[in-house]
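Below: one structure, written as structure tokens.
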Amino acid sequence: KQAEFNARDENAELEKRVAQRTAELQAISTTLEQERNLMRTLVDAVPDSIFIKDINSKFLLANDAVARGMGTTPENLIGRDDFDFFPQEMAQNFFEDEQTVVRTGEGLVNREEKAVNKETGNMRWFLTTKLPVRNDKGETVALVGIGRDITLRRRAERALRESEARFRSLIELSSDWYWEQDAELQFIEFEDPNNKSSYQRDEVLGKDLKVLPGTELLSESWIEYDDLVAERSPFRDLELRRVAGNGNTYFISLTGLPVFDENGKFRGYRGIGRDITERKRSEEHIHYLATHDSLTSLPNRFMFSQILNLAIESSHRYHRKLAVLFIDLDRFKNINDTLGHEAGDFLLREMAMRLKQCLRASDVVGRFGGDEFVILLPEIENTEQIATVAKKILAATINPIDINGQECRVTASIGISLYPEDGIGEQTLMKNADIAMYRAKEEGKNNYQFYSPNIEARSLERLVLENNLRMALERNEFFLHYQAKRNLQTGKIAGVEALVRWQHPELGIISPAQFIPLAEETGLIVLIGRWVLKTACAQNVAWLQQGLPPLCMAVNLSVRQFFDENLINDVADALSESGMQPQLLEMEITEGMVMQDAERAIRILTAIKALGVRLAIDDFGVGYSSLAQIKRFPIDTLKVDSSFIRDIPQNPQDRAITEAIIAMGRTLSLTVIAEGVETQEQEEFLRDHACDQSQGYYFSKPISPEDFVSFMKAQAASTSVYPLAANKK
Ligand code: C2E
Ligand code: MG
Ligand code: MG
């Protein structure tokens with residue numbers, strides 16, 4: 001019984017223990033279940049891929065991230081392997097890695113691996129770790145894997161690497177250098193792979209731009225730069241000059257952009273630097289060329305006027321005087337023509353040097369081209385001082401100069417103008433010095449003249465003309481017009497005067513009154529006159545051949561031509577070459593020409609007459625000669641100057657003089673011609689007083705040879721009775 005009791009007790013005890021145990025197990029199982037759920041939740045919540053595989057690489061467990069990446073669900077993965085999801089070769093690699101882990105029991109940590117989805121072709125990068133799971137005996141029973149998707153990171157890294165590489169190659173390829181400054185504007189980075197900057201890296205780092213060694217700003221002040229930097233704006237092409245340790249000068253241009261961090265806080269500047277030495281040099285060279293005369297290296301007109309302007313400003317400020325000297329070498333053209341251009345250049349260079357030697361350092365010599373030099377004396381107390389300089393220059397110029405073994409003596413003419421007396425502007429001062437220089441030429445050269453308002457001004461046009469005149473003959477720019485003369489008895493054409501014109505390419509037709517005096521001065525008149533003579537004679541014969549009646553052709557002679565030793569030959573040639581009858585040619589000279597050197601004039605006039613050519617005195621009445629004097633010369637015709645004719649209607653005195661000239665001319669058996677007849681009234685007066693011929697716009701203006709033919713024909717056809725005014729008083 002006891003035993004029965006005991007057994008029952010034991011049973012109850014056993015049952016109790018079983019129940020207890022069951023409860024315990026149940027609790028454990030619940031706990032385990034809970035833990036598993038917790039695990040699962042945790043594992044699924046992690047963004048990284050987590051999986052467990054058996055030793056044959058088949059999935060025992062995979063979290064959401066793994067499934068998502070493989071395009072399936074976690075449940076669906078269990079029991080399957082990578083070969084179902086990845087391309088063969090890739091799956092094989094994974095498999096082999098895992099088998100290595102199983103075999104060796106050693107994990108693979110942080111490997112970057114690429115995974116391509118077999119179906120979608122989608123590629124991603126992972127950072128994977130695979131570790132063995134061991135049992136208590138230390139045997140590998142499974143493996144656990146963790147993978148982090150690093151596709152984005154890798155992409156960002158690659159982009160960064162690429163942009164870095166791009167930046168490097170840019171820097172390396174370019175001739176620029178790269179720099180960075182911190183917020184205190186001190187250089188913290190300086191990269192100059194091609195050594196283009198003339199700076200050493202450690203000369204720059206840690207320094208402010210303004211204290212870089214040997215460096216200064218090209219423009220006057222830093223204000224502009226400071227302003228830009230203060231407002232954190234970009235700056236462009238900041239130009240600096242740098243004298244490097246080796247003494248060489250470099251020019252640099254800096255361009256910078258401000259840098260801000262993500263919070264918008266200013267971090268400094270970064271930008272590039274560029275060596276612009278070559279550009280600056282060529283700019284300087286161009287500037288030099290543009291401002292200096294290449295032959296003598298003296299300042300040219302442009303530069304000189306700038307200097308003069310500045311000098312005028314400061315003279316104005318300090319109430320000082322200054323002087324401008326215009327220097328023209330006398331007869332330079334002669335040397336150029338006879339000894340050649342090289343000799344001319346040599347002479348000009350020598351003169352430039354001598355001029356400089358006559359002056360103080362503060363004085364300025366310039367060359368305006370040709371043989372024109374100009375000097376600025378910026379500080380003048382009195383005119384004696386200028387005179388001293390001028391004398392010095394004349395003396396220096398006249399010193400013999402050896403050109404090609406030939407001793408030449410050159411003289412100069414100097415014109416002087418003073419600030420402020422002779423002008424307060426640069427233009428006026430130059431112009432007036434120029435005018436004074438011409439005065440010096442007129443005074444016989446080799447002297448200096450101060451400007452005075454009385455000096456007859458010669459315009460700039462005149463200078464232009466002078467240069468062009470030389471070319472005009474070669475370029476065939478001269479042509480002749482012809483003005484008819486009327487016989488006042490018959491009303492018919494009595495003859496014609498050849499008048500030269502100049503067709504200037506830019507200025508148009510220039511009248512002889514403008515260029516003859518110049519041609520006279522330069523001697524070109526001899527050539528021009530010869531051409532006129534030949535052309536007029538040839539024209540005369542051509543008209544005859546065209547069937548016009550014989551016409552007396554008057555041709556003007558100038559002083560220089562008149563005294564030219566070839567004159568007689570020239571006239572004879574013109575006649576013989578054209579075949580013109582000598583009696584039809586009349587040479588017009590002026591009183592002045594014959595009065596100067598009467599003996600010589602008579603010889604020349606006689607020789608012309610001997611050719612059978614007629615002679616006329618042009619512009620008679622203005623040259624103060626008397627008819628009694630004229631008598632001595634073998635003259636045929638007297639042309640009364642137009643100034644008397646012009647005022648005939650108003651001025652009784654002019655009428656009287658004209659009357660007297662006509663009367664006295666007739667007593668000397670001269671043909672009297674009135675010039676500049678413009679009205680019927682004038683012509684009637686002249687006819688009434690028995691003047692032989694009239695010439696003037698009233699009858700005909702000077703016209704072209706073609707027009708002259710028409711004019712002649714119209715005249716011949718005209719039936720009108722002459723005199724025109726039938727019922728005149
Ligand atoms: P000139 O020999 O006394 O010629 C007359 C000038 O008066 C011409 O001027 C003519 O166009 C102008 N004239 C004629 N009729 C009238 C008129 O009714 N009213 C006005 N207001 N003027 C009139 P042009 O052609 O300008 O010649 C000016 C001067 O130039 C000439 O004066 C002459 O001394 C000189 N010249 C012209 N051709 C030659 C030339 O071939 N050789 C030289 N050495 N001198 C010439
Ligand atoms: Mg004339
Ligand atoms: Mg005249």
Side-chain angles (χ1 to χ4, degrees), residues 465 469 472-473 477-486 494-503 508-540 552-564 567 570-571 574 585-593 614-623 635-649 671-683 685-686 691 693-705 707-708 711:
L465 287 187
L469 197 55
L473 257 184
E477 288 170 3
F478 293 113
F479 64 94
L480 296 182
H481 269 176
Y482 299 90
Q483 187 176 34
K485 294 179 270 188
R486 163 138 73 186
V496 63
E497 180 178 359
L499 295 159
V500 70
R501 265 100 190 90
W502 177 12
Q503 175 71 56
I509 295 181
I510 300 176
S511 90
Q514 278 176 277
F515 69 84
I516 295 278
L518 276 181
E520 180 62 32
E521 206 174 283
T522 51
L524 280 166
I525 191 66
V526 175
L527 295 176
I528 298 173
R530 195 177 294 154
W531 178 86
V532 170
L533 190 60
K534 281 190 179 178
T535 310
C537 291
Q539 184 63 67
N540 191 275
C552 178
M553 170 75 80
V555 173
N556 294 282
L557 275 186
S558 78
V559 192
R560 199 87 173 232
Q561 231 183 325
F562 184 68
F563 290 109
D564 187 81
L567 176 68
D570 286 349
V571 177
L585 182 61
E586 185 168 81
M587 311 294 305
E588 294 190 5
I589 56 172
T590 55
E591 297 163 78
M593 285 152 75
R614 292 169 58 90
L615 286 168
I617 294 283
D618 202 354
D619 305 338
F620 184 76
V622 293
I635 296 297
D636 304 282
T637 305
L638 210 56
K639 297 184 81 174
V640 184
D641 191 71
S642 58
S643 56
F644 300 104
I645 312 301
R646 189 175 48 231
D647 292 337
I648 279 175
T671 305
V672 179
I673 304 179
E675 287 188 287
V677 180
E678 291 183 349
T679 64
Q680 185 176 344
E681 192 183 1
Q682 291 166 338
E683 193 168 86
F685 173 88
L686 294 162
C691 183
Q693 296 176 16
S694 82
Q695 179 183 354
Y697 294 170
Y698 179 58
F699 185 45
S700 169
K701 291 201 163 183
I703 49 179
S704 71
D707 287 349
F708 190 79
F711 178 75

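First listed ligand is number 1; within each ligand, the first listed atom is number 1. FYI, side chains are in, hydrogens and waters are out, and symmetry mates aren't considered; it's all heavy atoms of this structure.
When Tyr697, Tyr698, Phe699, Phe562 are ranked by how near their heavy atoms come to atom 22 (N) of ligand 1, first place goes to Tyr697. Remark: among candidates Glu520, Lys701, His481, Glu675, the nearest residue to atom 5 (C) of ligand 1 is Glu675, based on non-hydrogen atoms.
Note on ring orientation: taking the six-membered ring where Trp is involved, the planes of Trp502 and Phe515 are perpendicular (angle over 60°, cut-offs 30° and 60°). Note: Phe479 and His481 have perpendicular aromatic rings, judged against thresholds of 30 and 60 degrees for the angle between ring planes.
Side-chain contact check for Ile516 versus Val500: some heavy-atom pair is nearer than 4.5 Å. Contact annotation: the side chain of Leu585 approaches that of Val571 to within less than 4.5 Å [non-hydrogen atoms, C-beta and beyond]. Between Met587 and Phe562 the shortest side-chain heavy-atom distance does not fall below 4.5 Å. Between Ile589 and Ile617 there is a side-chain heavy-atom pair separated by less than 4.5 Å.
In this structure, Arg646 has no heavy atom closer than 4.0 Å to ligand 1. The closest approach between any non-hydrogen atom of Gly676 and ligand 1 is below 4.0 Å.
Going from atom CG of Leu557 over to atom CG of Leu533 covers 7.5 Å, rounded to the nearest 0.5 Å.
Less than 4.0 angstrom separates some heavy atom of Val532 from each of these atoms of ligand 1: 41 (O). Atoms of ligand 1 found under 4.0 Å from any heavy atom of Leu557, numbered from 1 in the order shown, are 44 (N). Close contacts of ligand 1 with Glu678, meaning ligand atoms under 4.0 Å from a residue heavy atom, involve 17 (C), 18 (O), 19 (N), 20 (C), 21 (N). Proximity to Glu588 (heavy-atom distance under 4.0 Å) selects the following atoms of ligand 1: 2 (O). Numbered from 1 in the order shown, with element, the atoms of ligand 1 that lie under 4.0 Å from a heavy atom of Ser558 read 44 (N). Listed by atom number, the atoms of ligand 1 under 4.0 Å from Val677 heavy atoms are 18 (O).
Residue contacts with ligand 1, taken as heavy atom pairs separated by less than 4.0 Å, involve Arg501 solely via side-chain atoms from C-beta onward. Counting heavy atoms under 4.0 Å from ligand 1, residue Asp618 touches it through the side chain alone.
At under 3.5 Å, not a single nitrogen or oxygen of Gln695, backbone or side chain, sits near a nitrogen or oxygen of ligand 1. Between Val500 and ligand 1, a contact under 3.5 Å exists for at least one N or O pair.
Between Met553 and Ala498 the shortest heavy-atom distance is SD-CB, 4.0 Å. Looking at every heavy atom in both residues, Asp641 comes nearest to Glu675 through CA-OE1, 3.8 Å. When all heavy atoms of Ala554 and Glu588 are compared, the pair lying nearest together is CB-OE2, 3.4 Å.
For the pair OD2 of Asp618 and OD1 of Asn556, the angle whose vertex sits at the Mg ion (ligand 2) is 90° to 10 degrees.
Checked for salt-bridge contact, Lys639 and Glu497 meet the test: a charged N lies under 4.0 Å from a carboxylate O.
In summary, Glu497 places an N/O/S atom under 2.8 Å from the Mg ion (ligand 2), meeting the contact criterion.
Glu588 has its closest N, O or S atom to the Mg ion (ligand 2) at the position named OE1.
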